[in-house]
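Heavy atoms only: backbone and side chains are in, while hydrogens, waters and symmetry mates are out. Counting starts at 1 for both ligands and their atoms, in listed order. Heads up: numbering here begins at 1 and tracks the sequence.
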Amino acid sequence: MMTTAKRALQWIQSQLSFEGWPVDSQFRSESSLGRIATIAGLLGIFLGTHICLFSVLILHRCFSLVPVLDEFFSLEQIDMMWQWSGYVVLLCSFHLTEFFVTAIYNPTVVTAESFLVNHSLDYTAAFLLSATEFWTRFFLYPFFSTPVFIVGLGMVLFGQGIRAIAMATCGASFNHKIQTSKKDTHVLITHGIYSYFRHPSYVGFYYWAIGTQLLLNNTLHSFLFAVASTMFFRKRIPYEEESLMNYFPDQYACYAATTWVGIPFIPPCDKCKIT
Ligand SMILES: C[S@@+](CC[C@H](N)C(=O)[O-])C[C@H]1O[C@@H](n2cnc3c(N)ncnc32)[C@H](O)[C@@H]1O
């Protein structure tokens, strides 16, 4: 069962990576125009259709616009349908924003990977599992909680905003992958949002990810996303801080001493002590 699920996931990943396409086509490399246009086009189509669905369902809830819906679905299920459409709109907006902010503020590194759609097996699995929780509830025991939805929406908007501001502020020093050697253009950013949070784009992603699950009223996955994101950043942040200490030995320790990580349960940076 697990092997079949893993194989299915790997197949999805390989399709998303355009494996098997002609090597010299405009689809195989991360920077190929065909791949960028395809991902942007698909995200745009999903975004557009879900904006329409969301609008129709909200109008229906307010003015009983499509009476036939009430014959097939309960009130809770209709609420869950606009809830899902809103979630897809926010999800597509997140991935498009990742690409466009990189394209504007760090244009030399922009590729199809900048959409962050297909960055890991774990991310794809997390999306599919959380969708499974939501749709299982839709069919078996539909419910919609307005307060939890509003908290989730607040976290998603906060997370999305802070991440975009961080990426714009960090500019050419920002990279979706932690750099293993220092580039000439890499300078330590300590101004703007980086003067409050040491890892603002991670803070944004952390609250955005948990917010998406609260917004969906996914009890199990709100908890699982919180645990998984904390574990992920508990590994990634110390590794990144160690490399930044090596790149900026004089500046980074002082910077680390005056800023806050912004994510709970992250151990303090032992290597960042002022000597
Ligand atoms: C995905 S970005 C994340 C940046 C930062 N941790 C954040 O959350 O906003 C990772 C890259 O940013 C670089 N980086 C992290 N903090 C930085 C800073 N304050 N100034 C310049 N570069 C930084 C790291 O060297 C790494 O290559």
Side-chain angles (χ1 to χ4, degrees), residues 30-31 94-123 126 155-212 225-226 228-274:
E30 286 164 18
S31 53
F94 170 80
H95 289 295
L96 287 168
T97 307
E98 286 293 305
F99 180 86
F100 284 112
V101 175
T102 309
I104 295 168
Y105 294 98
N106 196 5
T108 56
V109 301
V110 75
T111 66
E113 293 239 315
S114 308
F115 287 106
L116 280 195
V117 169
N118 182 31
H119 62 90
S120 70
L121 211 62
D122 294 345
Y123 184 79
M155 284 171 72
V156 166
L157 297 178
F158 167 79
Q160 170 78 81
I162 205 171
R163 184 165 167 90
I165 293 170
M167 288 170 70
T169 309
C170 205
S173 297
F174 191 92
N175 209 297
H176 279 123
K177 290 186 181 136
I178 298 173
Q179 301 299 285
T180 47
S181 60
K182 185 178 174 298
K183 283 188 196 155
D184 293 342
T185 51
H186 195 174
V187 289
L188 184 68
I189 307 295
T190 58
H191 64 277
I193 197 146
Y194 281 82
S195 61
Y196 304 104
F197 295 119
R198 197 146 75 244
H199 299 286
S201 81
Y202 295 160
V203 171
F205 188 82
Y206 180 82
Y207 290 104
W208 175 86
I210 301 169
T212 57
F225 271 42
S229 310
T230 306
M231 278 165 56
F232 175 75
F233 286 122
R234 272 177 77 89
K235 257 197 194 161
R236 186 171 173 117
I237 289 177
Y239 173 69
E240 183 172 314
E241 293 193 327
E242 199 176 327
S243 71
L244 285 161
M245 259 314 267
N246 292 333
Y247 301 158
F248 308 102
D250 303 329
Q251 294 161 275
Y252 199 75
C254 290
Y255 172 63
T258 57
T259 46
W260 182 44
V261 173
I263 297 175
F265 310 116
I266 304 297
C269 175
D270 289 335
K271 299 231 164 65
C272 307
K273 295 272 179 313
I274 302 170

Novice: At less than 4.0 angstrom from any non-hydrogen atom of Asn175, what atoms of ligand 1 do you find?
Specialist: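 Heavy-atom distances to Asn175 below 4.0 Å select 1 (C), 2 (S), 10 (C), 11 (C).
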
Novice: In ligand 1, which numbered atoms sit nearer than 4.0 Å to a non-hydrogen atom of Ser201?
Specialist: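 Near Ser201, the atoms of ligand 1 are 3 (C), 7 (C), 8 (O), 9 (O).
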
Novice: Can you tell me if Pro200 contacts ligand 1 (heavy atom of the residue under 4.0 Å from the ligand)?
Specialist: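 Pro200: in contact with ligand 1 (<4.0 Å).
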
Novice: With no hydrogens and no angle check, just 3.5 Å: does a side-chain donor-acceptor pair link Tyr202 and Glu240?
Specialist: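 The answer is yes; a qualifying pair exists.
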
Novice: Using a heavy-atom cut-off of under 4.0 Å, does the side chain or the backbone of His186 touch ligand 1, or both, or neither?
Specialist: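 Side chain only.
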
Novice: Select the closest option to atom 9 (O) of ligand 1 among Tyr206, Phe174, Tyr194, judged by heavy-atom distance.
Specialist: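 Residue with the shortest heavy-atom distance to the ligand atom: Tyr194.
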
Novice: Say whether, by atom type as modelled, one donor and one acceptor occur between the side chain of Ser173 and the main chain of Val187 under 3.5 angstrom.
Specialist: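 Checking the backbone N and O of Val187 against the side chain of Ser173, a donor-acceptor pair under 3.5 Å is found.
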
Novice: Please list, in number order, the atoms of ligand 1 under 4.0 Å from a heavy atom of Gln179.
Specialist: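 Listed by number with element: 27 (O).
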
Novice: Give me the atom names and distance for the closest heavy-atom approach of His176 to Ser114.
Specialist: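 The answer is CE1-O, 3.7 Å.
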
Novice: For Val187, is the nearest heavy atom under 4.0 Å from an atom of ligand 1?
Specialist: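 Right, Val187 reaches ligand 1.
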
Novice: Indicate yes or no: does an N/O atom of Ile178 lie under 3.5 Å from an N/O atom of ligand 1?
Specialist: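 By distance alone, the answer is no.
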
Novice: Against heavy atoms of Leu188, which atoms of ligand 1 measure under 4.0 Å?
Specialist: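 What qualifies from ligand 1 is 18 (C), 19 (N), 20 (N), 21 (C).
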
